[in-house]
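Some notes on the structure that comes next.
The basis for the numbers below is simple: all heavy atoms, side chains too, and nothing from hydrogens, waters or symmetry mates.
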Amino acid sequence: MGLGILEDRAMAHVPGTTRYFDDPERPQYAANGTQGLKCDTSGPVPVILVPQPSDDPNDPLNWPLWKRDLITFILSMVAIFATCLGPILAANTLTLSFDFIIPFTKVAELTGWYLLGVGLAAFIFVPSGRIWGKRHLFVAGTVMLVVTSAWGGASRNNYTSMVASRVFQGVATAPFESLVNAAVGDLYCVHQRGIRMAFTNLAVFGGAFFTPILVGKVTNSIGWWWTFYLVAIFCAACLPIVFLFCPETAYRRDTSLNLDMLGTENPAAAQDTGFKTEDAEKAASQPVGTNGAANGSANGSAALHPEARPKATFVQSLALFNGRKTDESFWKLLLRPLPLFFQPAFLWACLIQGLMIGWTVFIGVILAQFFLSTPLWWGEVNTGYAYTAAFIGALLGFAIAGGLSDWSARYMTKLNGGVYEPEFRIVLVIPQMILGCAGLYGWGITVDGLLHGTYHYAVPLTFFALEVAGMVIGAVASSLYIVDAYRDLAIEGFTCMIIFKNVFSFALTLKAFDWLVTTGTKATPIFNILASVQLVACLLSIPMYVFGKRIRSYFYRHDLLETFKVR
């Protein structure tokens, strides 16, 4: 029982468990004739690369780190423009209500239709990404962002057209919500993912909170429709950058290189010095290669299944498709995420990430009810500025998750004798629980006090910031755990999370104002319930941490996807 994680008796090595924080002179696998594996020696302590890069120069893990970081940065920036369309109407509730002559509830539904579009489209795009890669979806999504944003701006005085544009804006956003985090798994080894995953989650889930700060001022100066036109302009500027500098990140890698995905059911093979599988022995016996590992820092590395493939030219890298990444059926891949809702790890990830995002959407929908009326009587400009707190909260969540994710994993791996367990990522739920639940309880109490002059408006906004910080941390924790523990199902896992959070958030937007009316426009009773639900969800992380390795083992041996005939 390493650091509270129950060992599994059925398997010597459970997929997801690795020895990546170790001396490279020590073999990862205890087998005769084992040679050293590829390592990152750029730091003071050499780190075994998991997964192992191939000897193919077209393998993304062999690209220079600056190139991979540039791709991540570009995709994250476009993701910010895409996801900003979610809360883009938050500061314009009153303005849109007057322009379209509709009640607040109909304005809130515009956000809900966008979220529904994201959820439904992700369900379809993910199998396409699995089969043909992600590049064509990123390029097509950027094109759709330009078109649908312009459509939204042109929908003045036509509510039906606005609803349709919002649905298709969600469709355009889906590739960035569902595949940017998965691209991190393509581009980086385990020990490099933490800070990058925190950054992409900040872009996907946190960067959008900067939007309302600007939207209020834009609306007041040149009209709400220009908020959509500006998104269209910025996305149009990003389109050539995405096309030219974001090549395909998906790569068809030999399974023996995926050290974190190997497993064996032979208990006698367990050794104190490492892990052992038939695939690993075969891989370790390959001749020593000459190509550098990721970051150009190999140390006597073995060439695992070397391939003499020429490096793709720049023009070749511009192709939207460069071959199938899997031979699996599209329809099986389409249905594959659904059975995962019955797998405890994926259901836990949906709750940790999806609930907090839903509560954030809920606050955004009802915020105007408290700040546009008595006693503040704010207009769109001040209501937009109120989101400065949420943006600061997103930055705080990014700083905490980015600072703790890889450091805590390395530290716990060292305490665990050099063996890394994906469950170490679950520790990030602790700051999520503290900040997120405090934010939810505090928001309900203080926003009610705001109406009676008990609290300054900065107090509930501070709690809003804490809630958003918890949301970002939870998104990072759940994403990292799924990528590290079930990397072969990471895309399907992200699809489950996207479907859950968007359908859940859509339902909340439909009932937000009605729920307020039933409590006499008092937020405290509602948010006491929401915070308590979130607290219970966070506490479920304890059994998930303790039994996570056994769950990984059980579902490796009893494949849920084979049971449902979708593998």
Side-chain angles (χ1 to χ4, degrees), residues 15 49-63 67-68 71-72 74-75 121-142 174-190 193 200 242-243 245-262 279 283 294 304-313 316-337 340 479 482-484 486-496 498 559 561-562 566-567:
L49 298 174
V50 178
Q52 286 277 285
S54 68
D55 281 346
D56 182 1
N58 300 303
D59 185 343
L61 294 181
N62 285 324
W63 295 345
K67 179 178 179 179
R68 290 179 279 156
I71 294 170
T72 302
I74 293 171
L75 294 178
F123 185 64
I124 299 172
F125 288 166
V126 163
S128 180
R130 289 280 294 202
I131 295 175
W132 294 291
K134 305 173 182 66
R135 173 171 163 80
H136 70 286
L137 292 171
F138 288 139
V139 173
T142 308
F176 298 95
E177 277 211 16
S178 59
L179 298 175
V180 170
N181 280 335
V184 172
D186 295 339
L187 291 168
Y188 302 98
C189 298
V190 170
R193 291 176 190 157
T200 55
V242 172
F243 182 77
F245 301 111
C246 291
E248 182 58 65
T249 64
Y251 181 77
R252 196 162 185 169
R253 184 173 290 104
D254 191 285
T255 56
S256 65
L257 297 170
N258 296 322
L259 304 182
D260 52 339
M261 293 294 107
L262 299 175
D279 286 340
L304 306 182
H305 300 278
E307 300 179 33
R309 296 177 59 184
K311 183 178 181 180
T313 65
Q316 290 173 330
S317 72
L318 298 180
L320 295 181
F321 302 91
N322 63 358
R324 289 179 65 101
K325 308 306 174 185
T326 177
D327 295 324
E328 295 179 280
S329 162
F330 176 86
W331 297 108
K332 285 186 176 182
L333 290 172
L334 179 70
L335 299 175
R336 184 169 293 177
L340 296 181
S479 299
I482 292 301
V483 167
D484 288 357
Y486 303 92
R487 187 167 56 81
D488 57 328
L489 293 174
I491 295 180
E492 287 85 354
F494 291 138
T495 305
C496 290
I498 289 172
D559 193 333
L561 302 183
E562 289 185 356
V566 290
R567 186 184 286 280

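Listed here is the closest heavy atom pair of Ala122 and Thr495: O-CG2, 4.1 Å. Pairing each heavy atom of Phe125 with each of Ala174, the nearest pair is CD1-CB, 3.9 Å. The minimum heavy-atom distance linking Ala183 with Thr249 is given by the pair CB-OG1, 4.0 Å. Heavy-atom minimum distance, Ile131 versus Ser329: CD1-C, 4.4 Å. Pairing each heavy atom of Pro51 with each of Cys189, the nearest pair is O-SG, 3.6 Å. Here the shortest heavy-atom pairing between Asp488 and Arg130 reads O-NH1, 2.9 Å.
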(request) Starting from the C-alpha separation in whole Å, work towards a yes-or-no answer on salt bridge (charged side-chain N to carboxylate O under 4.0 Å, His left out) for Asp327 and Arg252. (result) CA-CA 11 Å; Asp327 295 324; Arg252 196 162 185 169; 2.7 Å; yes

(message) I'd like to know whether Trp132 forms a side chain to side chain contact (heavy atoms under 4.5 Å, CB included) with Arg324, so could you lay out the CA-CA distance, the side-chain angles of the two residues, the decisive distance to 0.1 Å, and finally the verdict.
(response) CA-CA 5 Å; Trp132 294 291; Arg324 289 179 65 101; 4.2 Å; yes

(request) Let me see the working for Leu561 and Leu340 under side chain to side chain contact (heavy atoms under 4.5 Å, CB included), right down to the final yes or no. (result) CA-CA 8 Å; Leu561 302 183; Leu340 296 181; 4.0 Å; yes

(request) Go through the steps for Leu320 and Val139 under the test side chain to side chain contact (heavy atoms under 4.5 Å, CB included), then give the verdict. (result) CA-CA 8 Å; Leu320 295 181; Val139 173; 3.9 Å; yes

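Arg336 has a carboxylate O that lies under 4.0 Å from a charged side-chain N of Glu328, or vice versa, which qualifies the two as a salt bridge. Under the 4.0 Å criterion applied to side-chain N and carboxylate O atoms, Asp484 and Arg193 are assigned as salt-bridge partners.
The main-chain N or O of Ser54 is found under 3.5 Å from a side-chain atom of Asp59 such that the two form a donor-acceptor pair. In this structure, the side chain of Tyr188 engages the main chain of Arg68 through a donor-acceptor pair within 3.5 Å. In this structure a side-chain-to-backbone donor-acceptor pair under 3.5 Å is present from Glu248 to Lys134. At distances below 3.5 Å, not a single donor-acceptor pair connects side-chain atoms of Glu562 with backbone N or O atoms of Asp559. A donor-acceptor distance shorter than 3.5 angstrom exists from the side chain of Asn58 to the backbone of Pro310, with no hydrogens or angles considered. At distances below 3.5 Å, at least one donor-acceptor pair connects side-chain atoms of Asn62 with backbone N or O atoms of Asp56.
Side-chain atoms of Ile71 and Trp63, non-hydrogen and from C-beta on, do get closer than 4.5 Å to each other. No side-chain heavy atom of Tyr251 sits less than 4.5 Å from a side-chain heavy atom of Asp186. A 4.5 Å side-chain heavy-atom check between Lys332 and Leu335 finds every atom pair outside the cut-off. Counting heavy atoms from C-beta on, the side chains of Ser128 and His136 come closer than 4.5 Å. Contact annotation: the side chain of Leu61 never approaches that of Leu187 to less than 4.5 Å [non-hydrogen atoms, C-beta and beyond]. Residues Phe494 and Pro337 are not in side-chain contact: their nearest non-hydrogen atoms beyond the backbone lie 4.5 Å or more apart. Side-chain contact check for Val242 versus Ile74: some heavy-atom pair is nearer than 4.5 Å. Residues Ser178 and Val126 have side chains in contact (heavy-atom distance under 4.5 Å, counting atoms from C-beta outward).
Note that CG of Leu49 and CD of Gln52 are 6.0 Å apart. Values are rounded to the nearest 0.5 Å.
Cation-pi contact between Arg135 and Phe243: present, with separation from the ring centre below 6.0 Å and deviation from the ring axis of at most 45°.
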